[in-house]
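Below: one structure, written as structure tokens.
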Amino acid sequence: MAHYLTIDQGNSEAKIALWDDNRLLEFLMEPALTPRKVSDFVGSRRLSGAIYCSVTREDVDILRHLRHLCPKSLRLTPATPLPISNAYSTPSTLGSDRIAAAVGAWADYPGKDILVVDAGTAVTYDYVSADGVYHGGNIAPGISMELRALHEFTARLPLVPFPENMPELCSGALFGDSTSRAIALGAVYSVVASINFYRSRLPEDTVVVLGGGCGHHLAPVCGFDVRVDEHLVSKGLNRILLYNESL
């Protein structure tokens, strides 16, 4: 069995995944990743390959440890060969999680136009065309960021907690009947409306894929067809790793 390790270091936590070829075996979300925790996750299994990406400062200790665990370790950079084409004009500034999510979506829906929505700390809206070209996208505040900003940049608006049960919040409610509900609904609907706007400007059969920590919360309130994949970035990292192994 060929084991592959992917590490996606996000703003608030790292996502670690172990794969058997393209089949997910284990997954862990870790707020404070250390080399010891990576070793504990891998255990006695021998790695055929590993890949690391980060949207924050790169952890030199983790990278060094990965090379110790597996000589065939990659760090996702703008120079890393990809199974899709990248038409972004400034690839050096493109978040590695965004291109990995695009690859992950393309792996599941090859030959389709895809709107990739990664809803986490920030929300990214990216487009992959049916011919396998990543065309770029847009970046906006995530729901938690919107809630925090409304509290911190105003004098009297309260800090509203993240609405875990969005279907209940949005059930029959277009407008809030209290300040807290008005804030929560405003944050949720701003993302839903953005997704709907982008899909309305893309080809009619475009597949909408939601990733990130908020994807499964948002899907039930969208009111249009969406696919949810909470492991989208990890899947894309694994596909990039497998693609480079075949070169």
Side-chain angles (χ1 to χ4, degrees), residues 6-12 14-15 51-59 63 73-143 145-146 149 190-215 218 226-227 229 231-247:
T6 63
I7 298 179
D8 167 28
Q9 179 63 66
N11 288 296
S12 56
K15 298 177 181 178
I51 187 169
Y52 171 91
C53 82
S54 176
V55 299
T56 62
R57 179 185 61 84
E58 290 182 347
D59 192 319
L63 285 167
S73 294
L74 291 179
R75 178 174 62 90
L76 182 57
T77 73
T80 303
L82 302 171
I84 62 175
S85 300
N86 187 356
Y88 209 63
S89 63
T90 57
S92 62
T93 68
L94 175 61
S96 55
D97 58 332
R98 291 174 63 193
I99 194 64
V103 171
W106 175 256
D108 284 340
Y109 305 100
K112 295 284 189 179
D113 291 285
I114 310 168
L115 174 62
V116 186
V117 182
D118 196 347
T121 303
V123 184
T124 56
Y125 307 89
D126 293 291
Y127 173 53
V128 183
S129 57
D131 56 351
V133 178
Y134 172 79
H135 291 272
N138 295 334
I139 306 171
I143 292 173
M145 190 183 295
E146 285 196 28
S190 68
V191 176
V192 172
S194 294
I195 299 171
N196 196 32
F197 169 76
Y198 292 122
R199 66 185 283 272
S200 73
R201 305 295 290 270
L202 293 172
E204 187 175 350
D205 61 347
T206 295
V207 178
V208 180
V209 182
L210 299 185
C214 299
L218 283 166
V226 298
R227 322 291 172 85
D229 189 341
H231 304 304
L232 198 57
V233 173
S234 297
K235 179 183 291 181
L237 288 174
N238 185 57
R239 292 305 178 100
I240 293 168
L241 183 58
L242 294 175
Y243 177 76
N244 279 267
E245 188 177 67
S246 69
L247 297 179

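Just the heavy atoms: all of them, side chains too, but no hydrogens, waters or symmetry mates, feed the values below.
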| Do Asn138 and Thr124 have side chains that get closer than 4.5 Å, going by heavy atoms? | no

| note | On a heavy-atom basis, the closest approach of Lys15 and Gly212 is NZ-CA, 4.3 Å

| field | Any donor-acceptor pair under 3.5 Å from Tyr88 side chain to Ile99 backbone | value | no

| request: Decide yes or no on side-chain contact (heavy atoms from CB on, under 4.5 Å) for Val133 and Ile84, but give the supporting numbers first. | output: CA-CA 6 Å; Val133 178; Ile84 62 175; over 6 Å; no

| request: Could you give me the CA-CA distance, side-chain angles and deciding distance for Val117 and Val123, then say whether side-chain contact (heavy atoms from CB on, under 4.5 Å) is met? | output: CA-CA 7 Å; Val117 182; Val123 184; 3.8 Å; yes

| said: Please check: side-chain N/O of Asp118 versus main-chain N/O of Ala101, any donor-acceptor pairing under 3.5 Å? | reply: no

| task | Kindly indicate whether the side chain of Arg227, heavy atoms from C-beta on, has any atom under 4.5 Å from the side chain of Val208. | result | no

| Rounded distance [0.5 Å steps], CG in Leu115 versus CG in Asp126 | 8.0 Å

| message | Given 3.5 Å as the limit, does a donor-acceptor pair link the side chain of Asp113 with the main chain of Ser129, or not? | response | no

| Considering all heavy atoms, the nearest Ala14-Gln9 contact | CB-OE1, 3.5 Å

| query | Taking the side chain from Asn244 and the backbone from Ile240, do they hold a donor-acceptor pair closer than 3.5 Å? | reply | yes

| field | Val207/Val226 under side-chain contact (heavy atoms from CB on, under 4.5 Å): CA gap, chis, key distance, verdict | value | CA-CA 7 Å; Val207 178; Val226 298; over 6 Å; no

| task | Verify side-chain contact (heavy atoms from CB on, under 4.5 Å) between Leu210 and Ile195, making sure each step is shown before the conclusion. | result | CA-CA 10 Å; Leu210 299 185; Ile195 299 171; 3.9 Å; yes

| message | Quiz question: by atom type and distance under 3.5 Å, do the side chains of Ser54 and Thr56 form a donor-acceptor pair? | response | yes

| request: Could you tell me which residues satisfy side-chain contact (heavy atoms from CB on, under 4.5 Å) with Cys53, sequence neighbours excluded, listed by chain and number? | output: Asp8, Leu76, Ser96, Leu237

Could you give the side-chain donor-acceptor pairs of residues 103-112 under 3.5 Å, partners two or more places apart or in another chain?
residue, atom, partner, partner atom, Å
Asp108, OD1, Lys235, NZ, 3.4
Asp108, OD2, Lys235, NZ, 2.5

| query | Considering only heavy atoms from C-beta outward, does the side chain of Pro81 approach that of Tyr243 to under 4.5 Å? | reply | yes

| field | Validation row: Arg98, Val116 side chains within 4.5 angstrom (heavy atoms) | value | no

| Check: Thr77 main-chain N/O paired with Thr80 side-chain donor or acceptor under 3.5 Å | yes

| query | If you look at every heavy atom in Ser92 and Pro78, which pair is closest and at what distance? | reply | CA-CG, 3.7 Å

| Do Leu63 and Glu58 have side-chain heavy atoms sitting under 4.5 Å apart? | yes

| task | Give, for atom CG of Leu241 and atom CG of Leu74, the distance between the pair rounded to the nearest 0.5 Å. | result | 5.5 Å

| Got Arg199 and Thr206 here, is their nearest side-chain heavy-atom distance under 4.5 Å? | no

| query | Does anything in residues 112-133 pair up under ring-ring contact (aromatic ring centres under 6.0 Å, His included), and if so which pairs, sequence neighbours excluded? | reply | Tyr125-Tyr198, Tyr127-His135

